[in-house]
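Following: one structure in structure tokens, then a few remarks.
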There are 2 protein chains.
Amino acid sequence: DDMVDHSDDELWAREPYRDKRLIVKTAKPFNAEIPPEYQIAHFDTPNELFYVRQHMPVPELEAGSHQLRVVLAPTQQVSSLSLAQLARLPRAIVRAALMCAGNRRSEMHQVKPVKGISWAGGAISNAVWSGVYLRDVLLHCGVDPNDTEGKHVILTGADIDATGQNFSTSIPLQLALDPNAQVILATHMNGQPLPPDHGCPLRAVVPGAPAVRSVKWLECITVSEEESSSHWHKKDYRSFNPSTTWEDADFESAPPVYSLPVTSAVCEPRHGDTVRVRDGHIEAKGYAYSGGGARVLRVDVSGDRGVSWRTATLQQDHAPPRTHYAWTLWTARLPVPAHCDQMEIWVKATDSNFNTQPENFDHIWNIRGILSNAYHKIKIRLQH
Amino acid sequence: DDMVDHSDDELWAREPYRDKRLIVKTAKPFNAEIPPEYQIAHFDTPNELFYVRQHMPVPELEAGSHQLRVVLAPTQQVSSLSLAQLARLPRAIVRAALMCAGNRRSEMHQVKPVKGISWAGGAISNAVWSGVYLRDVLLHCGVDPNDTEGKHVILTGADIDATGQNFSTSIPLQLALDPNAQVILATHMNGQPLPPDHGCPLRAVVPGAPAVRSVKWLECITVSEEESSSHWHKKDYRSFNPSTTWEDADFESAPPVYSLPVTSAVCEPRHGDTVRVRDGHIEAKGYAYSGGGARVLRVDVSGDRGVSWRTATLQQDHAPPRTHYAWTLWTARLPVPAHCDQMEIWVKATDSNFNTQPENFDHIWNIRGILSNAYHKIKIRLQH
Ligand SMILES: [Mo]
Ligand SMILES: [Mo]
């Protein structure tokens, strides 16, 4: 768990204003979901409704004076770049969903308890991010693209925990330099300067990766032989099989999560709703997403616990193969038997690698409750 | 089904010699699996043991006189390249498994019948392919890398069906040009000239894609606004949900399969074997694979129907993120309760996008029986 000093009110006195529609999971640090009805209301989530995941108090930074340090270990060659200097590099734009690795953890928790914020399906939103390519920044600072083997890019934010450690994680240098990966340093979100909750004035955006890699309030980039040594990097966001316990778990040898599996969720109706049947049908809507540049190819929806499946209509943006980073919104029409007064809705997505979701959580369960991508299943009542 | 004239013996008179250890599924055309014990015996499958998937009789081509035509539609600009001319381009090497999209179809068939060759798990093998990058060939012939949207590369082989049509399929031009995708035109397999069964003297290798895209006996490449119009491309290797019937299936609107999902199989022991227990354990071995450049990160094996999982030891080659195309071999040691005389072994793999396999075939079932990647489950007897 994050080392946060909750006794010091002063730390939290200058938190930004938050939209009242967000569903607050924890107040200090601030973690909040976007309500499902707002996920499907916009393809690009309005900035004020974008889910928020903080580890610490929000730092206050000035765009005008902000400097990004770039350190090349082992020589420790240091560059320092203002936002104005960064802006001289070619402009980069990527439409990408960001999703917390713990999105839908609450469903996995029901199978067997896991540690972490009890996210429902609202820890994912979609935006158009703009700034410059991390690749261009690294090449500008003298990184050798032919000497990448085993190297990492450590991303450090301005947010600080109670022990004085800055938030930090890392990604492989090869990923940072891969043109397909489209890793950017963003100054803008949906055409607006980044809001404080989303990293003002500069954040990394690592499309297709768990959002933890998209470090906010970015202060320093270090190219290193080592991964980040922070506990956020070393002791979290790693995956284990269902038999691994907190006592067994060897975090050092478990591979870090740098990409997210295919997932989907029903946003409308919601679990427990009463839905009016029209012309023998009801309509369901939601989102689907796959990390690593994969595109969602098909969303199948069942109203009879998997006996039959309907293919949903998809709303998605266009991108070349292996570089699809936005989410997909879907709508399906489901037939309802005449005398049926309740119904279970299941959704599963298939991506461009033809990977699909597991049917349930039993065999993907893990101590940290991440990568919780089984079929989303809800129950509703029907009104004829 | 392939249009093959079985009445004309002359067509089949010059088929190449085949290793007697291959497991023949159909003789004309020749389709044969590698036995599971040979899959795990070598990381790179010896050429004579590599599984064979033919649609028609094997053409006889001469390396010395072979010409590759490259046609750029709509201008119909044609280049013709000998193998000697191709060899002047930079040398390309890729270690890649090839897997038939129908591998493990026999297991899906048991749930509900599907059409196609009843492959067990032997329609996958691994090799080092060398030749030149398709990207370099296309750029050499004048393809504009900035005009790729909606274009396709049609790959046509010298094998001809009973209606006179050459085998042909296509891949998106953007995929063909993607350096990460490492699509090559291969002249060599594991350091030897391609054997007749594997496309002598020239074949495409599209790593991470279903093997049908890796066209053998390659004669012609056409860059076109259209996908291949062949029935192999238009009427096969497309995926549907389990509710789609042959009557319903709209092949034109279904997306072609250009990448394969994560899969795994137990090769030793085999279903029905009697296995001697040593020190309270048995050992299991097999392969795992994921398409689209994903790497297998973890293989979990269960001896108690998923109640507990052991992580297997992996043998795999090294490759940068998103460009891992070889298979993975695995070994696991499973504990056996003292008085147990039979056991079920389950295996599932997790790839670098943290996608994993579905538990069973029910909800991935499809009319053509492709993408059959549920957990592999076998039953054995134990001898203490
Ligand atoms: Mo996260
Ligand atoms: Mo195939």
Side-chain angles (χ1 to χ4, degrees), chain A residues 101 148-149 171-175 177-181 208 210 239-244 254-255 257-262 290-295 297-298 300 302 306-311 318 320-323 346 348 350-360 362-364 370-371 373 375, chain B residues 101 148-149 171-175 177-181 208 210 239-244 254-255 257-262 290-295 297-298 300 302 306-311 318 320-323 346 348 350-360 362-364 370-371 373 375:
Chain A
T148 60
E149 185 59 41
I171 60 172
L173 176 56
Q174 290 169 329
L175 186 67
L177 292 177
D178 183 346
N180 280 2
S239 165
F240 300 97
N241 78 21
S243 299
T244 305
V257 180
Y258 295 127
S259 179
L260 291 167
V262 60
S290 188
R295 185 163 70 90
L297 278 196
R298 200 175 73 233
D300 296 316
S302 177
V307 176
S308 69
W309 295 91
R310 296 271 163 148
T311 296
H318 194 75
R322 302 182 173 208
T323 60
W346 292 7
K348 67 178 169 93
T350 300
D351 76 7
S352 46
N353 297 311
F354 292 87
N355 281 303
T356 186
Q357 303 173 230
E359 294 93 321
N360 57 62
D362 295 346
H363 305 308
I364 58 165
I370 60 172
L371 308 164
N373 72 325
Y375 295 4
Chain B
T148 60
E149 184 59 42
I171 60 173
L173 176 57
Q174 289 169 329
L175 186 66
L177 291 177
D178 184 346
N180 280 2
S239 166
F240 301 97
N241 78 20
S243 299
T244 306
V257 180
Y258 295 127
S259 179
L260 291 168
V262 60
S290 189
R295 185 163 69 90
L297 278 197
R298 200 176 72 233
D300 297 317
S302 177
V307 176
S308 70
W309 296 91
R310 295 269 163 149
T311 295
H318 195 75
R322 303 183 172 206
T323 60
W346 291 8
K348 68 177 169 91
T350 300
D351 75 10
S352 46
N353 297 310
F354 292 88
N355 281 303
T356 188
Q357 304 173 229
E359 295 93 320
N360 59 59
D362 294 347
H363 305 308
I364 58 165
I370 60 172
L371 308 163
N373 73 325
Y375 296 2

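Nothing here was measured: the structure is a model prediction, and the numbers come from that model.
The contact between A:Tyr375 and chain B is made entirely by side chain atoms (from C-beta outward), counting heavy-atom distances below 4.5 Å. For A:Ser352, the part lying under 4.5 angstrom from a heavy atom of chain B is the backbone only. Only the side chain of A:Leu371 has a heavy atom closer than 4.5 Å to any heavy atom of chain B. Both the backbone and the side chain of A:Asn360 come within less than 4.5 Å of a heavy atom in chain B. For B:Asp178, the part lying under 4.5 angstrom from a heavy atom of chain A is the side chain only. Both the backbone and the side chain of B:Ala181 come within contact range of chain A, judged by heavy atoms closer than 4.5 Å.
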> Please walk me through it: do A:Asn355 and B:Asn353 pass side chain to side chain donor-acceptor pair (under 3.5 Å)?
Replying inline: CA-CA 10 Å; A:Asn355 281 303; B:Asn353 297 310; over 6 Å; no
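Taking CZ of A:Arg322 as the reference point, atom CD of B:Gln174 lies at 12.5 Å (rounded to 0.5 Å). Between the CH2 atom of B:Trp309 and the OG1 atom of A:Thr244 there is a distance of 12.5 Å, given to the nearest 0.5 Å. Atom-to-atom distance recorded for A:Phe240:CZ and B:Thr311:OG1 is 9.5 Å, nearest 0.5 angstrom. Expressed to the nearest 0.5 Å, how far CZ of A:Arg298 lies from OG of B:Ser239 amounts to 4.0 Å. In this structure, CD1 in A:Ile364 is found 8.0 Å from CD in B:Glu359, a value given to the nearest 0.5 Å.
Of all non-hydrogen atoms in A:Ser243 and B:Val307, the two that sit nearest each other are OG-O, 4.4 Å. The minimum heavy-atom distance linking B:Tyr258 with A:Phe354 is given by the pair N-CE1, 4.3 Å. Nearest heavy-atom pair across A:Gly306 and B:His363 is O-CE1, 3.4 Å. Considering every non-hydrogen atom in both B:Pro321 and A:Pro172, the closest pair reads CG-CB, 4.4 Å.
Contact count against chain A (heavy-atom pairs under 4.5 Å) is highest for B:Val257 among B:Leu297, B:Leu260, B:Val257.
When each of A:Thr350, A:Asp300, A:Thr356 is paired with B:Asn241, the side-chain contact (heavy atoms from CB on, under 4.5 Å) condition holds for A:Asp300 and for no other.
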